[in-house]
Student: 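The structure is given below, and queries will be raised subsequently.
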Protein chains: 2
Amino acid sequence: MDDIKTYMQQVGQKARAASRIMAQAGTAKKNLALENIAAAVLSSTAQLITANAKDTAAARVNGLDAASIDRLTLTEKSVRNMAEGLLQIAALPDLIGEISDLKYRPSGIQVGKMRVPLGVIGIIYESRPNVTADAAGLCLKSGNAAILRGGSEAIYSNQAIAACVHQGLREAGLPETAVQVINTTDRAAVGELITMREYVDVIVPRGGKSLIARIAEEARVPVIKHLDGICHVYIDDEADLEKAIRIADNSKTQRYGVCNTMETLLVAASMAPHVLPQLCKIYLDKGVELRGDETACRFVTQMTIATEEDWRTEYLAPILSVRVVAGLDDAIAHINTYGSQHTDSIVTENYTKAMRFLREVDSSSVMVNASTRFADGFEYGLGAEIGISTDKIHARGPVGLEGLTSQKFIVLGSGHIRN
Amino acid sequence: MDDIKTYMQQVGQKARAASRIMAQAGTAKKNLALENIAAAVLSSTAQLITANAKDTAAARVNGLDAASIDRLTLTEKSVRNMAEGLLQIAALPDLIGEISDLKYRPSGIQVGKMRVPLGVIGIIYESRPNVTADAAGLCLKSGNAAILRGGSEAIYSNQAIAACVHQGLREAGLPETAVQVINTTDRAAVGELITMREYVDVIVPRGGKSLIARIAEEARVPVIKHLDGICHVYIDDEADLEKAIRIADNSKTQRYGVCNTMETLLVAASMAPHVLPQLCKIYLDKGVELRGDETACRFVTQMTIATEEDWRTEYLAPILSVRVVAGLDDAIAHINTYGSQHTDSIVTENYTKAMRFLREVDSSSVMVNASTRFADGFEYGLGAEIGISTDKIHARGPVGLEGLTSQKFIVLGSGHIRN
């Protein structure tokens with residue numbers, strides 16, 4: 001335990017020192033490092049797959065479930081995707097040093113803001129080894145130093161990827177310590193990482209709810225976190241029927257296990273007889289289990305009665321809860337009570353109701369006549385995504401490079417003093 | 001203790017409910033409430049001063065020091081200033097609902113951001129009762145609900161101001177629970193406030209270092225905090241002598257007890273013989289005690305030797321530490337080592353060095369040829385200031401109304417689904 005503390009303190013010190021260098025690194029040098037890492041990843045495909053095989057073999061011995069082993073496994077294709085992702089990050093504009101809002105004040109000084117890195121970012125994730133390359137790339141491009149703590153089941157894969165990252169940094173003349181991958185599987189390392197306020201500026205956990213809840217509880221460093229995605233589509237009295245069915249279908253069935261998928265459908269009472277029979281037929285044909293309130297059940301025989309718990313549940317599965325509401329006020333009240341402030345969409349042709357929904361629903365993404373599945377950094381044009389924040393301060397919704405930066409004030413004078 | 005917990009939970013629930021109403025309140029209604037509160041404050045001048053007299057009498061009995069009693073005391077003038085401050089907040093633009101960056105994406109959806117309140121803001125402060133009106137006004141204008149916890153020594157004053165705030169809210173048709181002033185002096189109330197994550201979105205502590213350090217340690221709610229202000233002026237080799245003296249004088253002596261005052265002066269070795277004798281004469285004439293490194297002491301006989309501790313000290317007093325450095329690199333290294341990332345200024349005529357200082361000094365305000373005393377929400381044009389943040393996430397530097405808001409994503413489609 002003391003050893004872990006000492007080790008993590010050293011990691012922290014090195015990260016802090018590297019962050020000073022990374023903050024000053026020019027755009028060309030950072031992009032070169034990203035391109036170098038991509039090249040190193042590609043040319044190390046065989047080694048990466050060999051290292052990964054050790055992890056997957058151990059995972060099988062340890063009885064990990066098939067889905068986890070699937071997330072853990074690297075293939076030639078996933079290695080190529082990793083390299084491709086790094087090149088995409090290299091192609092994004094460099095936000096660091098950007099000056100905005102530089103204005104003269106009555107005192108004669110000019111005041112503006114300059115975008116700067118956060119400093120040292122700790123990223124804690126689970127079994128996917130590709131996160132190592134992805135997170136390293138995003139932190140590097142945004143001028144930060146990174147401390148990465150992947151799942152213990154991916155330790156060999158992550159160390160092999162780390163070797164590529166270090167090679168790429170070194171070849172670009174940047175410090176290898178700009179990206180450090182924790183080389184112990186001891187859970188105490190996480191406890192240190194999330195409490196070293198002097199060395200770590202923000203923690204980004206990427207993983208399941210229990211991991212994130214634990215980190216939020218124990219962290220003394222600020223956390224950019226993403227808890228549940230209990231997303232809603234509300235089909236209004238004045239919805240276009242065809243759009244309503246298309247959006248409600250896509251929001252639920254385009255993919256089941258992701259955070260921006262719809263978990264509860266709300267339907268205005270006057271629309272229920274028109275929309276529910278044909279929409280629910282689509283769901284049932286695709287194998288979606290339906291749980292509704294009493295009114296909804298009247299329109300669909302294969303629907304079972306939903307419990308109070310259903311409205312609060314992120315299924316991440318082909319299950320949907322359905323509620324018939326009186327209208328917009330009821331829908332907003334339901335969302336603000338049971339939702340997780342992630343993503344919610346209204347289907348309506350009514351201007352006033354669309355505007356009210358946009359304003360009154362307190363979620364990180366609020367939509368009109370669009371599928372909740374659009375809540376995504378790439379779809380939003382952020383170019384990359386480190387995660388989706390359900391927090392309110394710093395960053396809400398999909399977090400791209402900008403979420404890994406901050407703005408400082410700059411003041412330009414020519415001998416100005418305050419009276 | 002259980003009673004305090006129950007009481008604070010009720011306060012939290014009421015604040016959360018009120019925050020939903022405040023988030024939707026129109027600009028005119030919020031401004032009317034602010035004007036009403038200002039009017040109530042003015043017409044209650046006598047009652048406020050009577051309530052305040054109870055606090056100051058108790059403070060004298062309890063042996064509070066003169067400076068604290070001074071901060072605690074309300075006068076006709078300070079009551080007028082309180083009302084004036086509320087009217088200034090009413091005159092500021094309303095940021096809530098502002099939509100920015102609404103752009104079409106290749107998928108056909110439009111993606112933008114809408115500015116929204118944070119929700120419930122907890123403000124913890126010490127003896128100044130005017131903070132009650134000021135903080136209430138800022139939270140109200142930014143569409144938030146506020147829970148205010150002032151110093152126990154100001155309890156009667158704060159309750160009297162709260163009565164004015166409630167009257168103003170009521171008369172504008174807004175919920176009185178939008179601003180709740182904690183009516184117990186039990187310290188356990190603070191412990192509850194900073195850990196009620198379900199009811200409080202952010203904590204803004206305003207007070208001394210020990211208060212803020214305690215809150216940062218114990219809080220489970222995000223904190224926008226301001227620790228030390230160890231500010232530097234660096235006089236470069238290529239400084240204009242007259243500007244250097246003017247800025248270094250103003251940065252230190254315009255006011256001593258504030259966070260943006262200079263605490264350490266750094267002088268390039270080649271400038272030291274030219275600047276130190278005449279600048280230090282100004283300081284000594286104004287009664288500033290000087291503590292310098294060996295080289296600096298050679299130029300000023302009344303200067304004593306500074307200890308390592310001096311470089312890390314926020315004096316908030318007529319004391320200045322002075323160090324002679326080799327040049328820009330040395331100055332930046334000193335600032336990034338000993339500073340508190342608050343406000344630092346370079347005096348130079350050299351373009352390249354000015355640009356390097358702006359980029360490489362990792363502080364919330366970085367200045368060229370201007371007094372550190374400009375680091376202030378009013379001077380920066382924010383219109384008002386809830387505090388100065390030395391944090392890196394969410395808000396850095398002076399925090400105005402914008403720091404009490406966040407941005408959610410909005411998506412406008414017309415039946416768009418994801419492929």
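So that the names make sense, note that chain A is the first sequence line, chain B the second, and so on, each numbered from 1. The shown structure was predicted, so the numbers you read here are calculated from the model rather than taken from an experiment.
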Student: With a 4.5 angstrom heavy-atom cut-off, could you sort out which part of B:Ala375 is near chain A: side chain, backbone, both or neither?
Tutor: neither

Student: Side chain, backbone, both or neither: which part of B:Arg20 has a heavy atom under 4.5 Å from chain A?
Tutor: side chain

Student: Check each atom of B:Asp101 against the heavy atoms of chain A and say whether the ones under 4.5 Å are side chain, backbone, both or neither.
Tutor: neither

Student: Please classify the contact of B:Ile109 with chain A as side chain, backbone, both or neither, using a heavy-atom distance under 4.5 Å.
Tutor: side chain

Student: Salt bridge check: are B:Arg197 and A:Glu217 linked by an N-O gap of less than 4.0 Å?
Tutor: yes

Student: Please report the shortest heavy-atom distance between B:Ala370 and A:Val411, naming the atom on each side.
Tutor: CB-CG1, 3.9 Å

Student: Could you please spell out the steps behind the side chain to side chain contact (heavy atoms under 4.5 Å, CB included) verdict for B:Asp376 and A:Arg418?
Tutor: CA-CA 11 Å; B:Asp376 173 279; A:Arg418 194 160 159 194; 3.9 Å; yes

Student: Taking all heavy atoms of B:Phe378 and all of A:Arg105, pick out the closest pair and write down the distance.
Tutor: O-NH2, 3.2 Å

Student: Answer with side chain, backbone, both or neither: which region of B:Pro398 has an atom nearer than 4.5 Å to a non-hydrogen atom of chain A?
Tutor: both

Student: Sub-4.5 Å heavy-atom contacts with chain A: which residues of residues 386-395 of chain B show up?
Tutor: B:Lys392, B:Ile393, B:His394

Student: Taking B:Gln254 for the side chain and A:Asn419 for the main chain, is one N or O donor matched with an acceptor at less than 3.5 Å?
Tutor: yes

Student: With side chains defined as the heavy atoms from C-beta onward, is the minimum distance between B:Lys408 and A:Ser365 less than 4.5 Å?
Tutor: no

Student: Side chain, backbone, both or neither: which part of B:Val202 has a heavy atom under 4.5 Å from chain A?
Tutor: side chain

Student: Is there a side-chain contact between A:Val116 and B:Arg359 in this structure, where contact means two heavy atoms from C-beta onward sitting under 4.5 Å apart?
Tutor: no

Student: Look at the aromatic rings of B:Phe409 and A:Tyr380 and report parallel, tilted or perpendicular, splitting at 30° and 60°.
Tutor: tilted

Student: With only heavy atoms counted, which part of B:Ser363 is less than 4.5 Å from chain A, the side chain, the backbone, both or neither?
Tutor: backbone

